Amino acid sequence: MDTISMWTIIAFVLNLLLAIAMVISERKSVQSVFAWLSLLAFFPIVGFVLYIIFGNGLGIRTRRMLKRTNMVNIGNRKELEAMIKNHNYKFDERTAELVEKYDELIKFNYNWASSILTDNNSIQFFADGKEQFDALKKDIVAARNHIHLDYYILAHDKFGKEIINLCTQKLSEGVSVKIIIDSLGSITTRKRHFKKFIKAGGEFREFFPPILPFKMLNFKMNYRNHRKIAVIDGKIGYLGGVNLRADHLGYDKKLTPWRDAHIRIEGLSVSALQIVFLSDWRFSTNDQKYPLKYLKKDYFPEPNIDGKCPVQIITSGPSNDKAEIKNALVKMITMAKKSIIIQTPYFVPDQVYIDSLKLAIASGIEVQLMIPKIPDKKLVYNASLSYVRELVKLGAKVYLYKGFLHAKTMIIDDEICTIGTCNSDNRSFYLNFEINAIVYNEEFTKTVLKSIEIDTKNSVEFKNNTHIPWFRRFKMAFSRLFTPLL
């Protein structure tokens, strides 16, 4: 037997064993399993390597650890229920009507995602990354007790360095600082870049760190902490799409204008953001002890603000099969009576999500979708256009933003909205750790809506008769085959 034949037999046996293990033990969707099996069949060696790197599951040990370090799982569910029942909501008449109208959604998010509705929040909306960055810097400078940052990307560029330097300065003022970055998202950032920060007393961790110093040598690289969270003194919180990197602030000529969606919160929902951060921190530090040291007033101060925005903070991730944020989005779609507006950089949904949109269109509900005109990932973009064509044929209005649209936004009936880190794709739905806020306030929703109206003027409509060359249609159809893997 020659060498080529031997390696061919080895590859066949390995792929066969991998396929059997995938079918029997993996908790992936049928579509995802079929896509991986197809890749293994047509590209045996490449498929095997890609699966080991990207398709391998989290494993029982990692899932258990995520559960043990989750602050929500540690709390008593009866105490959470008591908080809801005993809380004295102070809504104005219109907000009270909205809360009552969307009571079914609120209860679903509580029962499915352990998300508590908080009423006394004040929220500032940012459509521009530079404005959000300046606001974040100002709050960091004003911090008096602690700064907690949890970012998918904190780049080693001018802006990432500025944030690290500011945090290092705050350490000298007696402010404690904890920073988490995603290892793959912050691929150019190394621990050595935090040398002065750590020496000054700062704490730094990578979420799913790589093996040895090599960032790409990471068997969990398919599972990314895609969250962008900042908590300042337990009183101010940030979440949304803006990462700490130049292109997110509009400094990449190829992807300009850059349009995003980010929010700054003051109020009780900051405590929910704090819980998410501390859960990620405990996992990153392998802290599985009862977290008494984190349950202190410095981290969870009484909010001294009379806000008017009821908010639910929802998280999701691959540690379970509940797809909390995706199902919250689907629930919102099914509750719409007049209109659904979606902004997303990637539109590669699963069947349940797109079917819910199709049902809405068929029910006479106006569906508007906006994606970028300038792609940053061509394979994903071609797949997105394939799904876009489906919705346009059914009657949806689709707009291509003349720039790069990074906002992850949904508005229902011009009344409530959600903003966060979750894209309309399978990666965000099932593979990434994500966070979204649902805001039950018409005034705030109209602020977001005005921004989208400006975006629409800076877009071109993708119509049913839009000419697409045959080779582009082929690429769209081919890219769609890999939807479960994107």
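All figures in this text were calculated on a predicted structure; none of them were measured in a lab.
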Any donor-acceptor pair under 3.5 Å linking the side chain of N121 with the backbone of C309? yes

For residues 233-242, the side-chain hydrogen bond (donor to acceptor under 3.5 Å, both in side chains) pairs (sequence neighbours left out) are D139-Y238, Y238-R264

Test item: V231 and I236 side chains (from C-beta on) under 4.5 Å apart, heavy atoms: no

Provide the closest heavy-atom pair for T445 versus N441 in the form atom of the first, atom of the second, distance. OG1-O, 2.8 Å

Evaluate the side-chain contact (heavy atoms from CB on, under 4.5 Å) criterion for residues S451 and R259: first the C-alpha distance (whole Å), next the side-chain angles of each, then the deciding distance (0.1 Å), finally the verdict. CA-CA 10 Å; S451 179; R259 166 70 167 82; 2.9 Å; yes

Mind listing the closest non-hydrogen atom pair of I374 and F404 along with its distance? O-CD1, 3.2 Å

Distance-only polar pair, side chains of T334 and S356, donor-acceptor under 3.5 Å: no

Reported CG-to-OH distance for the pair L405 and Y399, which is rounded to 0.5 angstrom: 14.0 Å

Test side-chain contact (heavy atoms from CB on, under 4.5 Å) on I419 and N436; report intermediate values, then the result. CA-CA 6 Å; I419 293 171; N436 269 46; over 6 Å; no

Here the gap from D260 atom CG to D128 atom CG, rounded to the nearest 0.5 Å, amounts to 9.0 Å

Hey, is E443 close enough to K446 for a salt bridge, meaning N to O under 4.0 Å? no

Taking the six-membered ring of Y251, is NZ or CZ of K130 closer than 6.0 Å to its centre and within 45° of its axis? yes

With ring-ring contact (aromatic ring centres under 6.0 Å, His included) as the test, pick out the partner of H148 among F277, Y294, W281. F277

Could you walk me through whether F208 and N225 pass side-chain contact (heavy atoms from CB on, under 4.5 Å), step by step? CA-CA 8 Å; F208 285 149; N225 189 336; over 6 Å; no

Between Y440 and Q312, do the side chains contain a donor N or O and an acceptor N or O under 3.5 Å apart? yes

Start with the C-alpha distance between Y102 and E415, add both sets of side-chain angles, then the distance that settles side chain to side chain donor-acceptor pair (under 3.5 Å), and finish with yes or no. CA-CA 10 Å; Y102 292 97; E415 293 178 333; 2.7 Å; yes

If every non-hydrogen atom of K293 is compared with every non-hydrogen atom of K296, which pair is closest and at what distance? O-CD, 3.4 Å

If we count only N and O atoms by modelled type, under 3.5 Å, do the side chains of Y151 and S186 hold a donor and an acceptor together? no

What pair of heavy atoms forms the shortest contact from S269 to T118, and how long is it? OG-OG1, 2.5 Å

Smallest heavy-atom separation, G237 atom then V270 atom, equals N-CG2, 3.7 Å

Would you please test Y430 and Y223 for ring-ring contact (aromatic ring centres under 6.0 Å, His included) and show each step? CA-CA 9 Å; Y430 300 109; Y223 302 94; over 10 Å; no

Using the rule given for side chain to side chain donor-acceptor pair (under 3.5 Å), can you reason through S428 versus E434, listing the C-alpha separation, both sets of side-chain angles and the distance that settles it, and then say yes or no? CA-CA 7 Å; S428 279; E434 306 281 4; 2.7 Å; yes

Can you tell me how far the CG atom of N243 sits from the CD atom of Q132, to the nearest 0.5 Å? 9.5 Å

Would you check if D414 and I341 make a side-chain contact, meaning some heavy-atom pair closer than 4.5 Å? yes

Are any of the side-chain heavy atoms of N286 and R282 separated by less than 4.5 Å? no

Rounding to 0.5 Å, atoms CD1 (I313) and OG (S115) come to a distance of 7.0 Å

Please confirm whether F133 and F159 have ring centers closer than 6.0 angstrom. yes

For the residue pair L239 and L273, establish whether any side-chain heavy-atom pair is separated by less than 4.5 Å. yes

Electrostatic pair K107-D103, nearest N-O below 4.0 angstrom: yes

Taking D280 first and then R227, would you say they form a salt bridge - that is, a charged N and a carboxylate O separated by under 4.0 Å? yes

Using modelled atom types only, decide if a donor and an acceptor are shared between the side chain of D182 and the backbone of R224 within a distance under 3.5 Å. no

Determine whether more than 12 heavy atoms belonging to other residues, nucleotides or ligands lie under 6.0 Å from atom NZ of K322. yes

Before giving the answer on side-chain contact (heavy atoms from CB on, under 4.5 Å), spell out for T69 and Q288 the whole-Å C-alpha distance, their side-chain angles and the decisive distance to 0.1 Å. CA-CA 6 Å; T69 55; Q288 300 182 47; 4.1 Å; yes

In this structure, is the centre-to-centre distance between the rings of F433 and H226 below 6.0 Å? no

Aromatic centroids of F204 and F197 separated by under 6.0 Å: no

For a 4.5 angstrom cut-off between non-hydrogen side-chain atoms, does V175 reach N145? no

K170 vs E173, salt bridge (charged side-chain N to carboxylate O under 4.0 Å, His left out): CA-CA, chis, key distance, verdict: CA-CA 5 Å; K170 296 306 293 185; E173 299 173 17; 2.6 Å; yes

Is any NZ, NE, NH1 or NH2 atom of the basic residue among K326 and D350 found under 4.0 Å from an Asp or Glu carboxylate oxygen of the other? yes

Rounded distance [0.5 Å steps], CZ in F444 versus CG in L449: 11.5 Å

The test is side chain to side chain donor-acceptor pair (under 3.5 Å); show your working for N458 and K402 and say whether it passes. CA-CA 6 Å; N458 192 37; K402 295 178 183 177; 5.2 Å; no

Testing the basics here: between M332 and C417, what is the closest heavy-atom pair and its distance to 0.1 Å? CE-C, 4.4 Å

Salt bridge check: are K331 and E104 linked by an N-O gap of less than 4.0 Å? yes

As an exercise, state the distance from OG1 of T95 to NZ of K308, rounded to the nearest 0.5 Å. 8.5 Å

Under 3.5 Å, side chain of D413 to main-chain N/O of S339, donor-acceptor pair present? yes

What verdict does the ring-ring contact (aromatic ring centres under 6.0 Å, His included) test give for F207 and Y152, after you've listed the backbone C-alpha separation in whole Å, the side-chain angles of each residue and the deciding distance to 0.1 Å? CA-CA 9 Å; F207 201 90; Y152 177 59; over 10 Å; no

For E266 and S122, what are the C-alpha separation, side-chain angles and deciding distance, and is it a side chain to side chain donor-acceptor pair (under 3.5 Å)? CA-CA 5 Å; E266 291 183 83; S122 176; 5.0 Å; no

Check ion pair K378-D376 (N to O, under 4.0 angstrom): no

Is the NZ atom of K137 crowded by more than 12 outside heavy atoms at less than 6.0 Å? yes

Using the salt bridge (charged side-chain N to carboxylate O under 4.0 Å, His left out) rule, take E206 and K191 through it: C-alpha gap first, then chi angles, then the decisive distance, then the call. CA-CA 9 Å; E206 287 187 69; K191 186 176 181 179; over 6 Å; no

Residues forming a ring pair (Phe, Tyr, Trp, His ring centres under 6.0 Å) with H248, sequence neighbours excluded: W258, H406

Any side-chain donor near an acceptor of the partner, Q343 and Y401, under 3.5 Å: no

